Amino acid sequence: MHRVPPVVWFFLLTYALSWGWLLPIAVSGGVVVAGRGWPTHFPALLGPLFAACAVTIWHDGRRGLVDLVRRMSRLRARARWWLFAVSPLVILVMVLIIDAATGRPLPAYGGFAVFSGLPSRWGVLGVAAGVLLVNGFGEETGWRGYALPALQRHRSPLVATIIVSGFWAVWHGPMFVVVNTFRSFNLPILSGWIIGLMSGAIVLTWLYNRSGGCILLVAVWHATYNLISGTAAAQGLLAAASTTLVIALALTLVVLEIRAIRAGRRSVLGPATEI
């Protein structure tokens with residue numbers, strides 16, 4: 001009998017931990033509303049992190065856990081990767097400049113504190129910290145920090161990304177029952193969400209691998225992107241620009257990756273020879 005790969009246990013444990021929080025909310029009829037702290041889906045976002053730590057300790061012991069924590073806290077990376085990690089904020093600034101120049105109303109500052117599952121009374125900085133620590137590290141430590149490199153040991157970065165994005169998408173399933181924004185999705189919006197999620201997965205693979213496996217960087221990008229696209233302030237040009245640019249970058253990366261594979265060149269999505 002073949003031994004079950006650790007990455008399979010990671011996916012199973014992630015689902016068990018996250019859905020174990022979400023399903024009781026769904027059964028009780030609770031709905032997560034933006035700007036309110038209860039009920040909340042945020043503890044479920046820590047499922048990938050806890051699963052990654054548990055499976056790492058079980059399979060790789062203390063040394064593996066130390067390496068995982070090191071990649072979560074490593075600051076050393078080339079400046080260009082740090083600039084990309086905060087690039088959603090650059091998009092925000094550009095949109096604000098365009099809005100101001102064209103006379104369109106600017107998004108209200110307080111709107112950036114209205115995020116599903118967190119109380120808006122925390123203010124913009126408090127909500128941003130919550131999104132980074134729970135949404136960013138909670139998800140990225142598992143999806144990119146554990147699952148992606150585990151799958152890449154035997155698969156190409158593109159195939160590994162497709163597998164991760166599939167599990168990542170299904171993992172959101174109970175949120176379509178309990179999170180108010182997800183509950184409002186119709187078929188066109190759902191289709192766009194899936195495309196956006198897969199595009200985000202491609203971009204995150206590229207950032208993680210090319211930065212030398214830095215979980216901190218992908219957590220920062222994930223959090224800042226969610227802050228400009230998932231808050232009450234993310235309306236109009238800001239929402240359209242952030243989503244369009246991520247999809248365009250993902251498509252470009254996929255095209256370059258396929259061309260590199262066909263030409264026998266080094267993977268565009270894979271790890272760089274230099275950090």
Side-chain angles (χ1 to χ4, degrees), residues 4 6-55 114-120 122 127 130-148 150-151 160-202 204 218-219 222-223 225-227 229-232 234 239 243 246:
V4 177
V7 70
V8 173
W9 289 116
F10 162 77
F11 288 130
L12 292 175
L13 186 55
T14 294
Y15 278 39
L17 291 171
S18 297
W19 290 9
W21 178 270
L22 294 170
L23 292 178
I25 298 176
V27 171
S28 66
V31 177
V32 177
V33 178
R36 297 182 185 174
W38 189 262
T40 180
H41 66 301
F42 253 62
L45 304 183
L46 294 169
L49 184 154
F50 290 148
C53 290
V55 176
V114 182
F115 195 89
S116 292
L118 293 178
S120 57
W122 285 7
V127 168
V131 171
L132 174 60
L133 295 174
V134 180
N135 196 184
F137 280 106
E139 291 197 51
E140 292 308 323
T141 302
W143 301 125
R144 252 60 58 175
Y146 183 84
L148 180 67
L151 290 167
T161 300
I162 293 171
I163 294 172
V164 170
S165 62
F167 280 99
W168 192 20
V170 174
W171 172 78
H172 286 82
M175 297 183 197
F176 287 89
V177 179
V178 303
V179 180
N180 195 48
T181 51
F182 283 86
R183 285 159 58 98
S184 66
F185 283 12
N186 55 28
L187 185 57
I189 295 176
L190 175 61
S191 301
W193 178 83
I194 293 173
I195 293 172
L197 181 139
M198 295 189 67
S199 298
I202 292 166
L204 286 164
V218 292
H222 189 154
Y225 179 79
N226 280 0
L227 284 169
S229 64
T231 60
T243 302
V246 169

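Just so you know, residue 1 is the first one in the sequence shown, and it goes up from there. Remember, predicted model here, so these are calculated numbers, not experimental data.
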If I take atom [atom1] from residue [X] and atom [atom2] from residue [Y], how far apart are they, to the nearest 0.5 angstrom?
| X | Y | atom1 | atom2 | answer |
| --- | --- | --- | --- | --- |
| R36 | S116 | CZ | OG | 11.5 Å |
| L49 | T14 | CG | OG1 | 9.5 Å |
| N135 | L227 | CG | CG | 8.5 Å |
| Y15 | L22 | OH | CG | 12.0 Å |
| H222 | N226 | NE2 | CG | 4.0 Å |

Specify whether F176 and F185 have parallel, tilted or perpendicular ring planes, treating 30° as the upper limit for parallel and 60° as the lower limit for perpendicular.
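Ring orientation, 0 to 90° scale: perpendicular.
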Taking the side chain as every heavy atom from C-beta outward, state whether [X] and [Y] have any pair of such atoms under 4.5 Å apart.
| X | Y | answer |
| --- | --- | --- |
| L190 | F182 | no |
| T141 | Y146 | no |
| R144 | V164 | yes |
| L45 | M175 | yes |
| L197 | S165 | yes |
| F115 | W122 | no |

Looking only at heavy atoms, what is the nearest atom pair of [X] and [Y], with distance?
| X | Y | result |
| --- | --- | --- |
| L17 | A51 | CD1-N, 3.9 Å |
| T243 | A239 | OG1-O, 3.1 Å |
| A26 | V177 | CB-CG1, 3.8 Å |
| W168 | E139 | NE1-OE1, 2.7 Å |
| A169 | W193 | O-CH2, 4.0 Å |
| W143 | P48 | NE1-CG, 3.7 Å |

Tell me yes or no: between the side chains of S18 and W171, is some donor less than 3.5 Å from an acceptor?
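Yes.
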Tell me whether W9 at atom CH2 has more than 12 heavy atoms from other residues, nucleotides or ligands lying less than 6.0 Å away.
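It does not: W9 CH2 has 12 such atoms or fewer within range.
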Qualifying residues under side chain to side chain donor-acceptor pair (under 3.5 Å), relative to T231, sequence neighbours excluded:
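For T231, no residue satisfies side chain to side chain donor-acceptor pair (under 3.5 Å) once neighbours in sequence are set aside.
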